[in-house]
Amino acid sequence: MDNPAEIQRWQEYQERTAGGAPRPLLQEALQYVQGKGSALDLGAGALNDASFLLAQRFGEVVAVDITPPFKKIDAGSGQFSYHQMPFSAYEFPAEQFDLISAQYSLPFDRQDFQKVWVAIYSSLKKGGIFVGQLFSTRDDWFGRPGMIFHSEAEVQSLVGKFEIVKTEEREYTEKEKRAKHWHFFDLILRKSLT
Ligand SMILES: C[S@@+](CC[C@H](N)C(=O)[O-])C[C@H]1O[C@@H](n2cnc3c(N)ncnc32)[C@H](O)[C@@H]1O
């Protein structure tokens, strides 16, 4: 996905979400993290979550996003790196991350989803946490080209290799003007220690 119109659309999204609070599911997941060595943010957007993770004293935060970095980040005593590339081009290091977060981002890459999902598992340390969402079949965007949606059975199959902390189906219609109908699964998953 290196389509300029697509990139511009994401940059507009990032302007809209700039300075927002860290995603609640990510905040929730932190209680399950066993170490704060390294965290990976896939689809890092306006870098709200990456800034939060650095403030939470992760030693290293790595961000991957198709767009240029939205802003400069003060890494404090940690290290921050930004990889401007599709998820599928990132060379996921083996058993590196204590936490991998993909907030509302993986469903936008249908073509490489399976490869990226496998890479996420491999790149977590044993005991590491994945947190993110998978969109499902009654979402308003169901069928959009380039996006991937999963039925409940497909979600259950995808999470099979992990220990489940949370798989919560969520479905609601926004009360805002665009009244979008959302249908997705919130996931917090742990890679087994064994
Ligand atoms: C809906 S936004 C979510 C951003 C942020 N995680 C948040 O919660 O606000 C999706 C993000 O994923 C990025 N993205 C979409 N497809 C991507 C891909 N194939 N590879 C890397 N980044 C991608 C977009 O540029 C955008 O920043």
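In listed order, ligands and their atoms are each counted from 1. All values reported here derive from a predicted model rather than from experimental measurement.
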Please check this pair: side chain of Glu154 against backbone of Ser151, looking for a donor-acceptor N/O pair closer than 3.5 Å.
yes
N or O pair under 3.5 Å between Gly43 and ligand 1 = yes
Of Phe87, Phe108, Tyr90, the residue with the heavy atom nearest atom 21 (C) of ligand 1 is Phe87
Whether over 12 other heavy atoms sit under 6.0 Å from Lys161 NZ: no
Does Glu6 have a non-hydrogen atom less than 4.0 Å from ligand 1?
no
Logged contact type for Gln14 with ligand 1, heavy-atom cut-off 4.0 Å, is side chain
Of Asp112, Leu106, Asp65, Val116, the one whose closest heavy atom lies nearest atom 26 (C) of ligand 1 is Asp65
*Assess Lys191 against Tyr121: is NZ or CZ under 6.0 Å from the centre of the six-membered ring, and within 45 degrees of the ring's axis?*
yes
**Message:** Could you check whether atom CD of Glu168 has more than 12 heavy atoms from other residues, nucleotides or ligands sitting under 6.0 Å from it?
**Reply:** yes
### Query
Centres of the His150 and Phe113 rings: under 6.0 Å?
yes
Apply the test salt bridge (charged side-chain N to carboxylate O under 4.0 Å, His left out) to residues Lys180 and Asp140: give CA-CA distance (whole Å), side-chain angles for both, the deciding distance (0.1 Å), then the verdict.
CA-CA 6 Å; Lys180 182 190 178 298; Asp140 266 353; 5.5 Å; no
Exercise for the section: Report yes or no: does a heavy atom of Thr17 sit under 4.0 Å from some atom of ligand 1? Expected result: no
If we number the atoms of ligand 1 from 1 as shown, the ones under 4.0 Å from a heavy atom of Asp109 are 19 (N)
Would Asp41 count as being in polar contact with ligand 1, using the rule that some N or O on each side must be under 3.5 angstrom apart? no
